[in-house]
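Keep in mind the model is a prediction, meaning the values are calculated, not measured. Hydrogens, waters and symmetry mates play no part in the numbers below; they use all other heavy atoms, side chains included. Order of the sequence lines sets the chain letters (A, B, ...), proteins ahead of strands, with each chain counted from 1.
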There are 2 protein chains.
Amino acid sequence: MEKDKTDKKDHILDVAERVFAEHGYDGASTRMISGEAGVNMAMLNYYFGSKEGVFLAIFDRRITSFQNVLLSIGNDESINSWEKLDKYLDSYIDKVVTNNCFHIMLNREISKSKKTDLTDQITDIIMKNVTVFQNIIAEGIKKGDFNKDADQQLLVATIFGTKNYIVNTPHISSKVLGFDVLDAGVQNDLLKPRFKKYMKTLLKAYLQNENDNNNL
Amino acid sequence: MEKDKTDKKDHILDVAERVFAEHGYDGASTRMISGEAGVNMAMLNYYFGSKEGVFLAIFDRRITSFQNVLLSIGNDESINSWEKLDKYLDSYIDKVVTNNCFHIMLNREISKSKKTDLTDQITDIIMKNVTVFQNIIAEGIKKGDFNKDADQQLLVATIFGTKNYIVNTPHISSKVLGFDVLDAGVQNDLLKPRFKKYMKTLLKAYLQNENDNNNL
DNA sequence: CAAAATTAATCAAACGATTGATTAATGTAA
DNA sequence: TTACATTAATCAATCGTTTGATTAATTTTG
(Lines give C-alpha, C1' and ligand atoms only; values in the text may rest on other atoms or scores of the structure.)
Protein backbone atom coordinates (compact mmCIF):
# COMPACT_ATOMS: atom_id res chain seq x y z
CA MET A 1 0.00 0.00 0.00
CA GLU A 2 1.02 3.56 -0.66
CA LYS A 3 0.04 4.45 2.89
CA ASP A 4 2.36 1.89 4.43
CA LYS A 5 5.24 3.03 2.30
CA THR A 6 4.79 6.64 3.35
CA ASP A 7 4.59 5.57 6.96
CA LYS A 8 7.76 3.59 6.62
CA LYS A 9 9.64 6.42 4.97
CA ASP A 10 8.40 8.76 7.65
CA HIS A 11 9.51 6.35 10.34
CA ILE A 12 12.98 6.19 8.84
CA LEU A 13 13.16 9.97 8.75
CA ASP A 14 12.02 10.19 12.38
CA VAL A 15 14.79 7.87 13.47
CA ALA A 16 17.38 9.47 11.21
CA GLU A 17 16.54 12.91 12.54
CA ARG A 18 17.11 11.74 16.10
CA VAL A 19 20.32 9.86 15.28
CA PHE A 20 21.71 12.85 13.36
CA ALA A 21 20.92 15.03 16.38
CA GLU A 22 22.60 12.56 18.70
CA HIS A 23 25.83 11.98 16.76
CA GLY A 24 25.99 14.63 14.08
CA TYR A 25 25.87 13.99 10.34
CA ASP A 26 29.38 12.57 10.01
CA GLY A 27 29.16 10.71 13.29
CA ALA A 28 25.93 8.94 12.38
CA SER A 29 26.46 5.94 10.08
CA THR A 30 23.90 4.53 7.72
CA ARG A 31 24.13 1.25 9.60
CA MET A 32 23.30 3.04 12.82
CA ILE A 33 20.23 4.68 11.32
CA SER A 34 18.91 1.59 9.53
CA GLY A 35 19.60 -0.56 12.58
CA GLU A 36 17.64 1.68 14.95
CA ALA A 37 14.87 2.08 12.41
CA GLY A 38 14.64 -1.70 12.03
CA VAL A 39 15.07 -1.67 8.26
CA ASN A 40 17.67 -3.04 5.90
CA MET A 41 20.54 -0.71 5.17
CA ALA A 42 19.88 -0.76 1.45
CA MET A 43 16.43 0.69 2.03
CA LEU A 44 17.94 4.08 2.82
CA ASN A 45 19.45 4.24 -0.65
CA TYR A 46 16.38 2.68 -2.20
CA TYR A 47 14.10 5.34 -0.74
CA PHE A 48 16.34 8.39 -0.51
CA GLY A 49 19.21 7.70 -2.89
CA SER A 50 22.01 8.37 -0.44
CA LYS A 51 22.87 9.38 3.10
CA GLU A 52 22.75 13.01 2.07
CA GLY A 53 19.38 12.28 0.47
CA VAL A 54 18.08 11.18 3.87
CA PHE A 55 19.43 14.37 5.38
CA LEU A 56 17.75 16.57 2.79
CA ALA A 57 14.49 14.61 3.01
CA ILE A 58 14.34 15.49 6.70
CA PHE A 59 14.57 19.13 5.68
CA ASP A 60 11.76 18.97 3.16
CA ARG A 61 9.48 17.53 5.79
CA ARG A 62 10.01 20.35 8.29
CA ILE A 63 10.75 23.65 6.67
CA THR A 64 7.88 24.49 4.35
CA SER A 65 4.97 24.60 6.79
CA PHE A 66 7.06 26.32 9.42
CA GLN A 67 8.21 29.07 7.13
CA ASN A 68 4.70 29.74 5.89
CA VAL A 69 3.43 30.21 9.44
CA LEU A 70 6.10 32.75 10.24
CA LEU A 71 5.65 34.46 6.90
CA SER A 72 1.92 34.89 7.47
CA ILE A 73 2.63 36.53 10.81
CA GLY A 74 5.08 38.91 9.19
CA ASN A 75 2.58 39.85 6.51
CA ASP A 76 -0.37 40.32 8.86
CA GLU A 77 -1.46 43.95 8.38
CA SER A 78 -4.10 43.88 11.11
CA ILE A 79 -1.75 43.92 14.09
CA ASN A 80 0.90 46.35 15.30
CA SER A 81 4.62 45.74 15.68
CA TRP A 82 4.51 44.70 19.33
CA GLU A 83 1.79 42.14 18.64
CA LYS A 84 3.68 40.83 15.63
CA LEU A 85 6.74 40.36 17.77
CA ASP A 86 4.70 38.47 20.36
CA LYS A 87 3.08 36.19 17.82
CA TYR A 88 6.36 35.53 16.07
CA LEU A 89 8.05 34.57 19.32
CA ASP A 90 5.15 32.34 20.38
CA SER A 91 5.13 30.41 17.12
CA TYR A 92 8.87 30.27 16.76
CA ILE A 93 9.63 29.10 20.29
CA ASP A 94 6.87 26.49 20.21
CA LYS A 95 8.19 25.06 16.99
CA VAL A 96 11.90 24.98 17.68
CA VAL A 97 11.54 23.51 21.16
CA THR A 98 9.19 20.79 19.97
CA ASN A 99 11.30 19.95 16.94
CA ASN A 100 14.55 20.20 18.86
CA CYS A 101 16.15 17.22 17.12
CA PHE A 102 15.75 18.87 13.76
CA HIS A 103 17.21 22.15 14.92
CA ILE A 104 20.14 20.50 16.66
CA MET A 105 20.89 18.64 13.44
CA LEU A 106 20.39 21.74 11.31
CA ASN A 107 22.56 24.10 13.30
CA ARG A 108 25.34 21.63 13.88
CA GLU A 109 25.95 21.22 10.19
CA ILE A 110 26.24 24.94 9.67
CA SER A 111 28.72 25.38 12.53
CA LYS A 112 31.68 25.08 10.20
CA SER A 113 33.90 27.88 9.01
CA LYS A 114 34.33 26.17 5.63
CA LYS A 115 31.65 26.81 3.07
CA THR A 116 30.10 23.83 1.30
CA ASP A 117 27.02 23.24 -0.81
CA LEU A 118 25.24 22.02 2.29
CA THR A 119 26.11 25.05 4.44
CA ASP A 120 24.91 27.31 1.64
CA GLN A 121 21.60 25.46 1.44
CA ILE A 122 21.11 25.61 5.20
CA THR A 123 22.03 29.29 5.23
CA ASP A 124 19.30 30.04 2.71
CA ILE A 125 16.74 28.14 4.76
CA ILE A 126 17.64 29.84 8.01
CA MET A 127 17.82 33.27 6.43
CA LYS A 128 14.15 33.08 5.46
CA ASN A 129 13.11 32.93 9.09
CA VAL A 130 15.63 35.60 9.98
CA THR A 131 14.32 37.96 7.32
CA VAL A 132 10.77 37.76 8.67
CA PHE A 133 12.03 38.76 12.10
CA GLN A 134 14.22 41.52 10.68
CA ASN A 135 11.28 42.98 8.80
CA ILE A 136 9.16 43.08 11.93
CA ILE A 137 11.88 44.98 13.75
CA ALA A 138 12.64 47.32 10.87
CA GLU A 139 8.95 48.10 10.43
CA GLY A 140 8.55 48.77 14.14
CA ILE A 141 11.44 51.18 14.14
CA LYS A 142 10.20 52.91 11.03
CA LYS A 143 6.75 53.36 12.56
CA GLY A 144 8.26 54.72 15.73
CA ASP A 145 7.04 51.83 17.87
CA PHE A 146 10.56 50.62 18.63
CA ASN A 147 13.60 52.56 19.76
CA LYS A 148 15.38 53.84 16.67
CA ASP A 149 18.80 53.42 18.29
CA ALA A 150 18.36 49.65 18.52
CA ASP A 151 20.94 47.50 16.75
CA GLN A 152 18.61 45.50 14.52
CA GLN A 153 21.27 43.13 13.30
CA LEU A 154 22.73 42.15 16.62
CA LEU A 155 19.21 41.75 17.94
CA VAL A 156 18.87 38.95 15.42
CA ALA A 157 21.92 37.32 16.96
CA THR A 158 20.33 37.59 20.39
CA ILE A 159 16.97 36.02 19.67
CA PHE A 160 18.25 33.19 17.51
CA GLY A 161 21.38 32.80 19.60
CA THR A 162 19.43 32.51 22.83
CA LYS A 163 17.22 29.91 21.24
CA ASN A 164 20.21 27.99 19.88
CA TYR A 165 21.86 27.97 23.27
CA ILE A 166 18.83 26.42 24.91
CA VAL A 167 17.93 23.97 22.16
CA ASN A 168 21.22 23.05 20.50
CA THR A 169 23.46 22.64 23.54
CA PRO A 170 21.03 20.76 25.78
CA HIS A 171 23.68 19.48 28.17
CA ILE A 172 24.77 23.01 28.97
CA SER A 173 21.35 24.60 29.12
CA SER A 174 19.96 21.75 31.22
CA LYS A 175 22.70 22.37 33.74
CA VAL A 176 22.10 26.11 33.74
CA LEU A 177 18.33 25.85 33.98
CA GLY A 178 18.23 22.97 36.42
CA PHE A 179 15.96 20.70 34.40
CA ASP A 180 16.19 18.45 31.35
CA VAL A 181 15.43 20.58 28.30
CA LEU A 182 15.11 17.44 26.15
CA ASP A 183 12.20 16.11 28.21
CA ALA A 184 8.96 16.72 26.33
CA GLY A 185 6.92 17.21 29.49
CA VAL A 186 9.34 19.73 30.91
CA GLN A 187 9.44 21.52 27.58
CA ASN A 188 5.70 22.19 27.55
CA ASP A 189 5.14 22.84 31.25
CA LEU A 190 8.23 24.80 32.19
CA LEU A 191 10.51 25.72 29.33
CA LYS A 192 8.22 27.15 26.67
CA PRO A 193 6.19 29.57 28.84
CA ARG A 194 9.23 30.76 30.72
CA PHE A 195 11.26 31.20 27.57
CA LYS A 196 8.49 33.15 25.86
CA LYS A 197 7.97 35.44 28.81
CA TYR A 198 11.68 36.11 29.16
CA MET A 199 12.21 36.81 25.50
CA LYS A 200 9.33 39.28 25.36
CA THR A 201 10.48 41.07 28.48
CA LEU A 202 14.03 41.29 27.20
CA LEU A 203 13.04 42.62 23.80
CA LYS A 204 10.64 45.12 25.29
CA ALA A 205 13.28 46.43 27.67
CA TYR A 206 15.65 46.92 24.77
CA LEU A 207 13.27 48.06 22.06
CA GLN A 208 11.02 50.28 24.08
CA ASN A 209 11.26 53.98 23.44
CA GLU A 210 12.42 55.90 26.47
CA ASN A 211 9.68 57.75 28.41
CA ASP A 212 7.10 55.50 26.83
CA ASN A 213 5.89 52.85 29.23
CA ASN A 214 2.44 52.16 27.90
CA ASN A 215 3.51 49.03 26.13
CA LEU A 216 4.69 47.11 29.16
CA MET B 1 66.28 21.71 20.38
CA GLU B 2 63.38 21.76 22.79
CA LYS B 3 62.28 25.09 21.30
CA ASP B 4 61.83 23.73 17.83
CA LYS B 5 59.84 20.78 19.04
CA THR B 6 57.43 23.00 20.94
CA ASP B 7 57.10 25.22 17.89
CA LYS B 8 56.34 22.25 15.72
CA LYS B 9 53.76 20.83 18.09
CA ASP B 10 52.21 24.26 18.35
CA HIS B 11 52.12 24.57 14.59
CA ILE B 12 50.32 21.25 14.30
CA LEU B 13 47.78 22.37 16.90
CA ASP B 14 47.26 25.66 15.08
CA VAL B 15 46.47 23.87 11.85
CA ALA B 16 44.39 21.19 13.56
CA GLU B 17 42.32 23.83 15.33
CA ARG B 18 41.52 25.50 12.05
CA VAL B 19 40.76 22.25 10.22
CA PHE B 20 38.52 21.05 13.05
CA ALA B 21 36.68 24.37 12.88
CA GLU B 22 36.36 24.06 9.11
CA HIS B 23 35.12 20.48 8.88
CA GLY B 24 34.18 19.42 12.39
CA TYR B 25 35.90 16.70 14.40
CA ASP B 26 34.49 13.75 12.48
CA GLY B 27 34.75 15.54 9.15
CA ALA B 28 38.44 16.36 9.60
CA SER B 29 40.70 13.41 8.83
CA THR B 30 44.17 12.90 10.23
CA ARG B 31 45.47 12.95 6.68
CA MET B 32 43.86 16.34 6.13
CA ILE B 33 45.45 17.79 9.26
CA SER B 34 48.91 16.33 8.72
CA GLY B 35 48.80 17.28 5.05
CA GLU B 36 47.96 20.93 5.70
CA ALA B 37 50.47 21.09 8.54
CA GLY B 38 53.17 19.68 6.27
CA VAL B 39 54.13 16.85 8.58
CA ASN B 40 53.98 13.10 8.31
CA MET B 41 50.74 11.52 9.39
CA ALA B 42 52.45 9.41 12.01
CA MET B 43 53.64 12.52 13.82
CA LEU B 44 50.16 13.20 15.11
CA ASN B 45 50.14 9.90 16.96
CA TYR B 46 53.79 10.24 17.89
CA TYR B 47 53.19 13.60 19.56
CA PHE B 48 49.60 13.40 20.74
CA GLY B 49 48.82 9.67 20.88
CA SER B 50 45.65 9.81 18.81
CA LYS B 51 43.26 12.04 16.91
CA GLU B 52 41.36 12.67 20.13
CA GLY B 53 44.68 13.47 21.78
CA VAL B 54 45.18 16.26 19.25
CA PHE B 55 41.71 17.53 20.01
CA LEU B 56 42.32 17.57 23.75
CA ALA B 57 45.77 19.14 23.35
CA ILE B 58 44.10 22.08 21.61
CA PHE B 59 41.96 22.49 24.70
CA ASP B 60 44.84 22.49 27.15
CA ARG B 61 46.46 25.27 25.21
CA ARG B 62 43.48 27.62 25.34
CA ILE B 63 41.39 27.15 28.43
CA THR B 64 43.60 27.70 31.45
CA SER B 65 44.74 31.28 30.93
CA PHE B 66 41.33 32.35 29.69
CA GLN B 67 39.51 30.97 32.70
CA ASN B 68 41.92 32.61 35.11
CA VAL B 69 41.34 36.02 33.56
CA LEU B 70 37.58 35.73 33.88
CA LEU B 71 37.89 34.29 37.38
CA SER B 72 40.02 37.22 38.55
CA ILE B 73 37.39 39.64 37.25
CA GLY B 74 34.68 37.76 39.12
CA ASN B 75 36.69 37.85 42.33
CA ASP B 76 37.66 41.52 42.10
CA GLU B 77 36.26 43.12 45.27
CA SER B 78 37.24 46.67 44.32
CA ILE B 79 34.62 47.22 41.62
CA ASN B 80 30.83 47.18 41.63
CA SER B 81 28.51 44.85 39.76
CA TRP B 82 28.07 47.07 36.71
CA GLU B 83 31.80 47.46 36.31
CA LYS B 84 32.33 43.74 36.73
CA LEU B 85 29.80 43.09 34.01
CA ASP B 86 31.59 45.53 31.72
CA LYS B 87 35.01 44.04 32.33
CA TYR B 88 33.72 40.52 31.94
CA LEU B 89 32.10 41.33 28.61
CA ASP B 90 35.19 43.16 27.36
CA SER B 91 37.51 40.28 28.14
CA TYR B 92 35.13 37.58 27.05
CA ILE B 93 34.19 39.11 23.72
CA ASP B 94 37.81 39.94 22.88
CA LYS B 95 38.88 36.38 23.55
CA VAL B 96 36.13 34.46 21.82
CA VAL B 97 36.18 36.59 18.68
CA THR B 98 39.95 36.34 18.37
CA ASN B 99 40.01 32.60 19.05
CA ASN B 100 36.98 31.94 16.91
CA CYS B 101 38.35 28.69 15.47
CA PHE B 102 38.66 27.21 18.91
CA HIS B 103 35.18 28.19 19.92
CA ILE B 104 33.62 26.93 16.71
CA MET B 105 35.35 23.61 17.26
CA LEU B 106 34.40 23.53 20.92
CA ASN B 107 30.74 24.31 20.54
CA ARG B 108 30.20 22.09 17.57
CA GLU B 109 31.25 19.01 19.45
CA ILE B 110 28.83 19.73 22.27
CA SER B 111 25.90 20.27 19.90
CA LYS B 112 24.79 16.67 20.21
CA SER B 113 21.85 15.37 22.18
CA LYS B 114 23.76 12.20 23.07
CA LYS B 115 26.06 12.36 26.05
CA THR B 116 29.62 11.14 25.65
CA ASP B 117 32.82 11.45 27.63
CA LEU B 118 33.81 14.31 25.38
CA THR B 119 30.56 16.26 25.77
CA ASP B 120 30.87 15.87 29.55
CA GLN B 121 34.41 17.23 29.48
CA ILE B 122 33.42 20.18 27.32
CA THR B 123 30.42 20.88 29.51
CA ASP B 124 32.67 21.14 32.57
CA ILE B 125 34.99 23.54 30.76
CA ILE B 126 32.19 25.78 29.53
CA MET B 127 30.39 25.77 32.86
CA LYS B 128 33.37 27.37 34.56
CA ASN B 129 33.01 30.50 32.45
CA VAL B 130 29.25 30.41 32.89
CA THR B 131 29.52 30.22 36.66
CA VAL B 132 31.66 33.35 36.81
CA PHE B 133 29.03 35.24 34.87
CA GLN B 134 26.20 33.80 36.95
CA ASN B 135 27.90 34.89 40.14
CA ILE B 136 28.29 38.45 38.87
CA ILE B 137 24.58 38.60 38.10
CA ALA B 138 23.51 36.95 41.33
CA GLU B 139 25.71 39.27 43.35
CA GLY B 140 24.34 42.31 41.54
CA ILE B 141 20.80 41.28 42.24
CA LYS B 142 21.57 40.54 45.87
CA LYS B 143 23.17 43.95 46.31
CA GLY B 144 20.22 45.63 44.70
CA ASP B 145 22.21 46.89 41.71
CA PHE B 146 20.28 44.74 39.24
CA ASN B 147 16.57 44.21 38.85
CA LYS B 148 15.55 41.39 41.15
CA ASP B 149 12.91 40.16 38.68
CA ALA B 150 15.56 39.32 36.09
CA ASP B 151 15.73 35.71 34.92
CA GLN B 152 19.34 34.99 35.75
CA GLN B 153 19.43 31.63 34.06
CA LEU B 154 17.94 32.64 30.73
CA LEU B 155 20.20 35.67 30.76
CA VAL B 156 23.06 33.19 30.59
CA ALA B 157 21.49 31.75 27.48
CA THR B 158 21.30 35.21 25.96
CA ILE B 159 24.88 36.33 26.45
CA PHE B 160 26.52 33.07 25.48
CA GLY B 161 23.90 32.35 22.85
CA THR B 162 24.38 35.73 21.18
CA LYS B 163 28.11 35.16 21.16
CA ASN B 164 27.72 31.65 19.73
CA TYR B 165 25.47 32.93 16.98
CA ILE B 166 28.03 35.46 15.86
CA VAL B 167 31.12 33.32 16.24
CA ASN B 168 29.97 29.75 15.61
CA THR B 169 27.68 30.25 12.62
CA PRO B 170 29.84 32.71 10.69
CA HIS B 171 28.05 32.21 7.37
CA ILE B 172 24.76 33.25 8.92
CA SER B 173 26.06 36.10 11.04
CA SER B 174 28.16 37.46 8.18
CA LYS B 175 25.03 37.65 6.07
CA VAL B 176 23.04 39.33 8.83
CA LEU B 177 25.75 41.81 9.75
CA GLY B 178 26.88 42.56 6.21
CA PHE B 179 30.58 41.87 6.73
CA ASP B 180 32.85 38.85 7.08
CA VAL B 181 33.01 37.99 10.77
CA LEU B 182 35.94 35.64 10.11
CA ASP B 183 38.14 38.49 8.82
CA ALA B 184 40.62 39.47 11.53
CA GLY B 185 40.69 43.10 10.49
CA VAL B 186 36.92 43.39 10.49
CA GLN B 187 36.79 41.66 13.85
CA ASN B 188 38.96 44.26 15.55
CA ASP B 189 37.72 47.37 13.79
CA LEU B 190 34.01 46.71 13.50
CA LEU B 191 32.78 43.59 15.24
CA LYS B 192 34.32 43.73 18.70
CA PRO B 193 33.47 47.34 19.63
CA ARG B 194 29.98 47.09 18.21
CA PHE B 195 29.31 43.77 19.89
CA LYS B 196 30.56 45.04 23.24
CA LYS B 197 28.48 48.19 23.08
CA TYR B 198 25.37 46.29 22.08
CA MET B 199 25.75 43.66 24.77
CA LYS B 200 26.21 46.25 27.50
CA THR B 201 23.23 48.29 26.32
CA LEU B 202 21.05 45.20 26.14
CA LEU B 203 22.00 43.95 29.58
CA LYS B 204 21.57 47.39 31.12
CA ALA B 205 18.13 47.75 29.61
CA TYR B 206 17.13 44.40 31.03
CA LEU B 207 18.93 44.46 34.37
CA GLN B 208 18.41 48.06 35.33
CA ASN B 209 16.05 48.74 38.21
CA GLU B 210 13.05 50.76 37.17
CA ASN B 211 13.13 54.46 38.09
CA ASP B 212 16.90 54.25 38.43
CA ASN B 213 18.64 55.80 35.49
CA ASN B 214 21.91 56.87 37.02
CA ASN B 215 23.77 53.88 35.65
CA LEU B 216 23.24 54.57 32.01
C1' DC C 1 88.48 14.94 21.10
C1' DA C 2 86.63 11.16 18.40
C1' DA C 3 84.27 6.87 18.06
C1' DA C 4 80.55 4.25 19.63
C1' DA C 5 76.11 3.75 21.69
C1' DT C 6 71.72 5.49 22.58
C1' DT C 7 67.71 8.22 21.96
C1' DA C 8 64.51 11.05 19.38
C1' DA C 9 62.37 12.33 15.14
C1' DT C 10 60.64 11.24 10.71
C1' DC C 11 59.14 8.54 6.97
C1' DA C 12 56.62 5.42 3.49
C1' DA C 13 53.89 1.58 3.63
C1' DA C 14 50.55 -1.26 5.30
C1' DC C 15 47.21 -2.65 8.88
C1' DG C 16 42.33 -4.02 10.17
C1' DA C 17 38.07 -1.79 10.60
C1' DT C 18 34.38 0.92 8.99
C1' DT C 19 32.29 3.83 5.75
C1' DG C 20 28.47 4.72 2.02
C1' DA C 21 26.96 2.39 -1.75
C1' DT C 22 25.69 -1.42 -4.91
C1' DT C 23 24.66 -5.88 -6.45
C1' DA C 24 22.14 -10.05 -7.38
C1' DA C 25 18.95 -12.99 -5.30
C1' DT C 26 14.62 -13.60 -3.02
C1' DG C 27 10.00 -12.37 -1.33
C1' DT C 28 5.49 -10.39 -2.02
C1' DA C 29 1.33 -8.68 -3.72
C1' DA C 30 -1.65 -7.41 -7.67
C1' DT D 1 3.56 -13.06 -14.61
C1' DT D 2 5.02 -8.56 -13.55
C1' DA D 3 6.44 -4.84 -10.84
C1' DC D 4 7.82 -3.48 -6.61
C1' DA D 5 9.90 -4.38 -2.00
C1' DT D 6 13.38 -6.39 0.78
C1' DT D 7 17.31 -8.96 1.85
C1' DA D 8 22.27 -10.69 2.60
C1' DA D 9 26.48 -10.31 0.51
C1' DT D 10 29.82 -7.58 -1.42
C1' DC D 11 32.18 -3.47 -3.32
C1' DA D 12 35.88 0.14 -3.44
C1' DA D 13 37.24 3.90 -0.68
C1' DT D 14 38.59 5.93 3.38
C1' DC D 15 39.22 5.93 8.19
C1' DG D 16 42.65 6.15 12.43
C1' DT D 17 46.47 3.72 13.69
C1' DT D 18 50.74 0.93 13.68
C1' DT D 19 54.73 -0.85 11.81
C1' DG D 20 59.77 -1.36 10.63
C1' DA D 21 63.27 1.22 8.69
C1' DT D 22 65.99 5.36 8.33
C1' DT D 23 67.91 9.65 9.56
C1' DA D 24 69.28 13.23 12.93
C1' DA D 25 70.57 14.49 17.39
C1' DT D 26 72.38 13.52 21.84
C1' DT D 27 74.95 11.00 25.26
C1' DT D 28 78.41 7.89 26.68
C1' DT D 29 82.73 5.90 26.48
C1' DG D 30 87.71 5.22 25.57
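- Side-chain contact check for B:Ser111 and A:Thr169: no donor-acceptor pair (N or O, by modelled atom type) lies under 3.5 Å.
- When the P atom of D:dT6 is taken as reference, atom CZ of A:Phe48 falls 12 Å away, rounded to whole Å.
- Rounded to whole Å, the distance from CG on B:Leu44 to C1' on C:dT10 is 12 Å.
- Nucleotide C:dA9 holds its P atom 15 Å from the CG atom of B:Asn45, rounded to whole Å.
- Taking the six-membered ring wherever Trp is involved, the centroid distance between the rings of B:Phe133 and B:Tyr88 falls below 6.0 Å.
- Two rings, from A:Phe59 and A:Phe102, have their centers less than 6.0 Å apart.
- Listed pair B:Tyr46 / C:dT10 fails the phosphate criterion, with no side-chain N or O lying under 4.0 Å from OP1 or OP2.
- Side-chain proximity of B:Met43 to D:dT6, C:dA9, C:dT23: nearest is C:dA9.
- A salt bridge is absent between B:Lys192 and B:Asp90: the closest approach of a Lys/Arg side-chain nitrogen to an acidic carboxylate oxygen does not fall below 4.0 angstrom.
- Distances shown here put a side-chain N or O of A:Lys8 below 4.0 Å from the OP1 or OP2 atom of D:dT6.
- Annotation: B:Tyr92 is in aromatic contact with B:Phe160 [ring centroid separation under 6.0 Å].
- Of the N and O atoms on the side chains of A:Arg194 and B:Gln153, at least one donor lies less than 3.5 Å from an acceptor on the other residue.
- Heavy-atom distances under 4.0 Å link DNA chain D to B:Ala28, B:Ser29, B:Thr30, B:Arg31, B:Met41 of residues 19-41 of chain B, given in residue order.
- Note: CG (A:Leu56) to C1' (C:dG20) measures 15 Å, nearest angstrom.
- Side-chain proximity of B:Tyr47 to the nucleotides C:dT10, C:dA21, D:dT19 is greatest for C:dT10.
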